[in-house]
Amino acid sequence: MDEQALMGLNPNADACYRQRALAYFEQLKESLDGWEVCAQALAKGVYSDDHVKFFCFQVLEHQIKFRHGSLTAAQQQLIRETLMKWLQAQLMNVHPEKPFIRNKVAQVLALTFVMEYLTLWPKFFFDILNLVGLNPNGVDIYLRTLMAIDAEVVDRDILHSPEETRRNTLIKDSMRERCIPALVESWFQILQTYQHTHSELTCQCLEVVGAYVSWIDLNLIANDRFVNLLLSHMSMEELREEACDCLFEIVNKGMDPVDKTKLVESLCQVLQSAGFFSIEQEEDVDFLAKFSRLVNGMGQSLVLSWTKLSKMGDVKVSAETLRAVEGKVPLMLQLLIHEDDDISANIVGFCYDYLHVLKQAIMLAVMNKLKYDDEYNFENEGEDEAMFVEYRKQLKMLLDRLAQVSPELLLEAVHRVFNATMQNWQTVQFMEVEMAIRLLYMLGEALPASHGAHFSGDTTKTSTLQSMMRTLIICGVSEYQHSSVTLEFFETVVRYDKFFLVEPQHIPSVLMAFLDHRGLRHSSPKVRSRVAYLFSRFIKTLYKHMNAFIEDILSRIQDLLELAPPENGFPVLLSSDDQLFMFETAGVLIVNGESPAERKQALMRSLLTPLMEAFRMLLAKLPQEASEERQAVLADYLSHAVGFASRTSKAFSNKQTVKQCGCSEVYLDCLQTFLPAISCPVQRGPLRSAVRSFLHRMIICLEEEVLPFIPAASQHMLKDCEPRDLQEFIPLISQITAKFKVQGCTINQNKPVKFTVNAAPHKLMLQQPDVKVLKNYMKVFQEPSCCLHIPLSVRFYVAVLTHFYCVCAGFFPAGQTLKLELSSGATYRPP
């Protein structure tokens with residue numbers, strides 16, 4: 001070798017010598033046989049200078065790394081022999097090589113291992129172990145080589161090509177089969193031999209165990225013999241930091257959650273009994289930082305085990321694991337509040353995971369407690385049932401709070417429970433099925449969306465909700481034979497009605513559920529009643545998608561739109577209140593369909609004609625009934641008929657929409673049919689109230705077309721009226737005068753009317769809302785001359801009525817005198 005060039009390797013050499021040394025290094029690297037000179041020098045121990053030896057190993061490293069494949073078998077054998085001879089020489093040295101040389105040798109040995117282990121040198125580890133035995137210098141090189149191999153083959157922080165990744169996988173598989181048990185045994189022997197005499201070697205060995213434990217069989221390490229040895233190192237000041245790191249790697253090893261829980265708990269028991277949990281007595285902050293990291297690893301491992309067990313449904317074992325997690329909380333808090341920031345920082349991961357566990361545990365508890373029990377009486381709910389309903393509301397509030405903190409966690413938990421239940425709903429108890437659907441329903445408020453737009457915006461939320469809704473509809477759970485499940489199904493469908501704007505292909509199947517034995521034909525009156533309301537809401541939201549189904553729906557609900565007289569004796573499916581929703585639904589379908597106006601008129605007439613016919617028949621019977629009870633029943637049915645007709649008009653927003661649908665004549669016919677009821681001599685109160693409500697709707701829907709009916713209607717309503725009738729009549733006056741103010745002023749100028757008003761000298765009571773209305777009218781009538789002989793206390797009413805009749809005067813014959821009689825007996829209190 002060029003001795004002068006080698007002089008330039010000394011850090012204190014002149015620049016020219018260093019330049020020459022660099023050139024010589026490049027020459028040897030490029031030379032085909034220059035590396036052999038270095039190999040021979042190393043094998044024979046020619047040079048004692050550390051820098052020259054390092055130089056020779058660099059040349060050898062370059063040859064192995066970049067030219068190994070082109071070497072002959074003899075040259076490859078020369079490399080192996082050179083390394084083993086140098087290693088053998090180290091066993092005799094009193095003083096070991098400098099650390100930087102030992103590290104370089106370990107790198108060269110690791111490169112040779114990677115290149116030759118699978119093909120040329122399968123006994124690599126056995127050859128080294130047989131050579132070094134327990135010699136401290138040899139063990140040092142052996143342990144450093146293992147760490148260098150870990151860096152080349154295992155370390156995930158180093159990027160590898162796909163080919164290198166495949167090679168490394170083969171190497172690890174081969175090592176597991178051939179030599180890992182022998183390596184583990186060597187580690188145990190090294191730890192046991194040098195734990196009291198050579199702390200540096202022991203720490204190196206602990207580092208190796210921690211590095212390799214992630215991919216070897218854990219049973220080779222996690223056994224009584226090995227773990228007890230490691231735990232004993234925790235009591236040795238020189239070893240305990242490395243022992244902490246080694247135990248940390250062991251508890252972080254992926255394994256079965258039950259086994260992991262047992263392993264962590266056994267470690268904790270030993271550590272606690274040895275006094276390691278009493279951290280206030282420990283002054284070594286460096287050790288405490290390592291110990292905090294170990295506790296963090298144990299805590300996070302337990303949390304991971306609990307999560308896996310919870311998903312598996314193993315309630316008993318998951319509860320035991322949760323208790324194990326909770327048992328570490330006091331220690332976690334002690335470490336978290338420690339004055340040293342490193343100690344505190346190392347436990348934060350466990351704190352975060354524990355909070356996550358708490359939220360999950362509360363969610364699971366709430367979900368479990370939401371379930372009905374077997375004793376809940378759905379058909380006859382009493383005090384116990386009412387208490388449970390209130391309790392459910394409290395649970396919902398708790399779930400809403402959790403959603404504010406962790407919306408993603410709640411969404412994921414509900415999704416998991418819902419999917420698991422819907423997959424097997426046929427074999428699951430009703431309370432489980434109802435709870436799963438209920439959770440989906442509750443998400444609508446827990447994760448609110450503006451105007452119910454749950455299916456736009458956040459992709460994760462929308463896709464998850466969409467998936468659950470799709471599952472709810474297609475899995476067939478609407479067929480479940482329990483009223484609570486049925487009701488929850490329809491409640492959820494209507495809550496997420498916007499889903500059908502995204503996936504309208506599901507509308508037909510849901511419509512059938514509403515219309516058949518699952519909904520409106522259900523055996524339970526409670527279910528039928530609620531479904532009638534929900535069906536109305538469903539149709540009002542999705543009416544634009546109903547055109548293809550309108551006449552089929554009307555046909556299927558026809559019997560639910562009948563006014564069933566009390567004498568027919570047949571049980572009714574829906575109450576009159578429920579029928580209101582059905583008539584409104586029918587009106588919405590007819591009005592918002594795409595049929596021509598003639599068809600809409602025909603459909604509306606076919607809907608209302610049976611009502612008018614029944615009304616006429618019952619009205620004719622009413623005066624003939626002698627029994628007041630019977631009269632009240634018939635009046636009730638008459639009021640229902642008027643209410644049903646009025647409810648169909650909810651589909652119209654104004655006169656224009658009524659005309660566009662060609663339905664004006666139908667409602668005018670209804671007016672002519674219903675108005676005679678207000679002059680009925682019996683049951684005047686309910687009948688007048690019903691007709692008055694209908695007039696309110698017709699003023700909106702028919703506008704001026706309703707005016708010809710107002711005078712006669714008003715005359716009959718105010719005839720023999722009670723104070724309450726007069727009070728309830730005022731809003732109608734207000735609506736008319738506000739709606740037809742222009743027409744009223746014009747008519748008033750052309751055709752004046754004479755008034756005579758008779759009133760007893762008693763006072764009338766005004767309710768506060770009426771006072772506000774009357775004050776407005778007093779602005780018009782500053783001098784109510786027509787009331788000169790009336791006590792001042794009733795002038796408010798008279799002023800209002802005078803104004804009203806002036807508005808309507810054009811519809812009376814010229815010169816007609818109207819007579820208004822105010823009944824007495826009430827007391828007026830000034831506002």
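All values derive from a computational prediction rather than experimental measurement. Scope of the values below: all heavy atoms of this structure, side chains included, with no hydrogens, waters or symmetry mates.
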TODO: Taking side chain to side chain donor-acceptor pair (under 3.5 Å) as the test, write out the residues that go with Glu412, two or more places apart.
DONE: Arg416

TODO: Any salt bridge (Lys or Arg N to Asp or Glu O under 4.0 Å) involving residues 658-669? Give me the pairs, sequence neighbours left out, ordered by first then second residue.
DONE: Arg605-Asp669

Task: Distance-only side-chain donor-acceptor flag, His482 / Glu488, under 3.5 Å - done: no

Open item on the list: Would Arg438 and Phe418 count as a cation-pi pair here, with the cationic atom under 6.0 angstrom from the ring centre and within 45° of the axis?
Closed with: no

Open item on the list: Testing the 3.5 Å rule here: is there a donor-acceptor pair between the side chains of Arg518 and Ser478?
Closed with: yes

TODO: To the nearest 0.5 angstrom, please state how far the CZ atom of Arg470 sits from the CD1 atom of Ile474.
DONE: 7.0 Å

Open item on the list: Checking His522 against Ser524: is there a side-chain donor and acceptor pair closer than 3.5 Å?
Closed with: no

Open item on the list: Side chains of Ser575 and Asp578: any donor to acceptor distance under 3.5 Å?
Closed with: yes

Task: Distance flag, aromatic centroids of Phe489 and Tyr480, threshold under 6.0 Å - done: no

Open item on the list: Show the nearest heavy-atom pair for residues Leu618 and Leu638, with the distance to one decimal.
Closed with: CB-CD2, 3.6 Å

- [ ] Answer yes or no: does atom CE of Met397 have more than 12 heavy-atom neighbours from other residues, nucleotides or ligands under 6.0 Å?
- [x] no

Open item on the list: Using the rule ring pair (Phe, Tyr, Trp, His ring centres under 6.0 Å), only one of Tyr667, Phe615, Phe709 pairs with Phe674; which is it?
Closed with: Phe615

TODO: Locate the shortest heavy-atom distance separating Leu447 from Lys461; write the atom from each residue and the value.
DONE: O-NZ, 2.8 Å

Open item on the list: Can you see whether Ser576 engages Tyr637 through a side-chain donor-acceptor pair at a distance of less than 3.5 angstrom?
Closed with: no

- [ ] Would you kindly say whether Arg616 and Thr673 are connected by a side-chain donor-acceptor distance under 3.5 Å?
- [x] yes

Less than 3.5 Å apart, which donor and acceptor atoms pair up between the side chains of residues 534-545 and the rest of the protein, not counting sequence neighbours?
residue, atom, partner, partner atom, Å
Lys540, NZ, Glu584, OE2, 3.0
Thr541, OG1, Asp497, OD2, 2.9
Thr541, OG1, Arg537, O, 3.1

Task: Side chain Thr462, main chain Thr459, donor-acceptor under 3.5 Å - done: yes

- [ ] Indicate the ring-plane relationship of Phe378 and Tyr376, choosing parallel, tilted or perpendicular according to the 30° and 60° boundaries.
- [x] tilted

Open item on the list: For Glu594, is the CD atom crowded, meaning more than 12 foreign heavy atoms sit under 6.0 Å from it?
Closed with: no

Task: Cation-pi geometry met for Arg647 and Phe583 (6.0 Å, 45°) - done: no

Task: Point-to-point distance, once rounded to the nearest 0.5 Å, from CG of Leu554 to CE of Met582 - done: 9.5 Å

TODO: Would you please test Ile437 and Met422 for side chain to side chain contact (heavy atoms under 4.5 Å, CB included) and show each step?
DONE: CA-CA 9 Å; Ile437 305 175; Met422 291 304 106; 3.9 Å; yes

Open item on the list: On a heavy-atom basis, which atom in Thr321 and which in Ser305 lie closest, and how many Å separate them?
Closed with: CG2-CB, 4.1 Å

- [ ] Indicate yes or no: at least one non-hydrogen side-chain atom of His415 is less than 4.5 angstrom from one of Ser467.
- [x] yes

Open item on the list: Looking at Arg392 and Glu434, is any side-chain nitrogen of the basic one under 4.0 Å from a carboxylate oxygen of the acidic one?
Closed with: yes

Open item on the list: Taking the ring centre of each residue, are Tyr533 and Phe490 less than 6.0 Å apart?
Closed with: no

TODO: Would you check if the side chain of Asn377 reaches a backbone N or O of Asn380 as a donor-acceptor pair within less than 3.5 Å?
DONE: yes

Open item on the list: So, taking the atom named CD in Glu491 and the one named CE in Met442, what distance separates them when rounded to the nearest 0.5 Å?
Closed with: 13.0 Å

Open item on the list: For the CD atom on Glu375, are there more than 12 heavy atoms of other groups (residues, nucleotides or ligands in this structure) within a distance under 6.0 Å?
Closed with: no

Open item on the list: Let me confirm one number: the CG-OG1 distance from Leu487 to Thr492, rounded to the nearest 0.5 Å.
Closed with: 10.5 Å

Open item on the list: Set out, in order, the CA-CA distance, both residues' side-chain angles and the distance that settles side chain to side chain donor-acceptor pair (under 3.5 Å) for Gln579 and His640, then state yes or no.
Closed with: CA-CA 9 Å; Gln579 283 185 290; His640 294 333; over 6 Å; no

Open item on the list: Test side chain to side chain donor-acceptor pair (under 3.5 Å) on Arg697 and Ser649; report intermediate values, then the result.
Closed with: CA-CA 7 Å; Arg697 285 299 307 160; Ser649 70; 2.9 Å; yes

TODO: Count the heavy atoms belonging to other residues, nucleotides or ligands that lie under 6.0 Å from CD of Gln558, then report whether that count exceeds 12.
DONE: no

TODO: Check Ala586 against Leu607 and note the closest heavy-atom contact, atom names and distance.
DONE: CB-CD2, 3.8 Å

Open item on the list: Let's go through Met604 and Cys661 carefully: what are the C-alpha distance in whole Å and the side-chain angles of both, what is the deciding distance for side chain to side chain contact (heavy atoms under 4.5 Å, CB included) to 0.1 Å, and is it a yes or a no?
Closed with: CA-CA 9 Å; Met604 190 63 80; Cys661 297; over 6 Å; no

Task: Carboxylate-amine/guanidinium proximity below 4.0 Å for Glu390 and Lys393 - done: yes

Task: Glu432 to Thr421 - nearest heavy-atom pair and separation - done: O-CG2, 3.8 Å

Task: Over all atoms of both residues, closest heavy-atom pair of Lys600 and Ser595 - done: CE-O, 3.3 Å

Open item on the list: Nearest 0.5 Å, please: how far is OH in Tyr372 from CG in Asp374?
Closed with: 13.5 Å

Task: From Lys396 atom NZ to Arg401 atom CZ, the distance as rounded to the nearest 0.5 Å - done: 11.0 Å

Open item on the list: Are there over 12 heavy-atom neighbours, none belonging to Glu503, within less than 6.0 Å of that residue's CD?
Closed with: yes

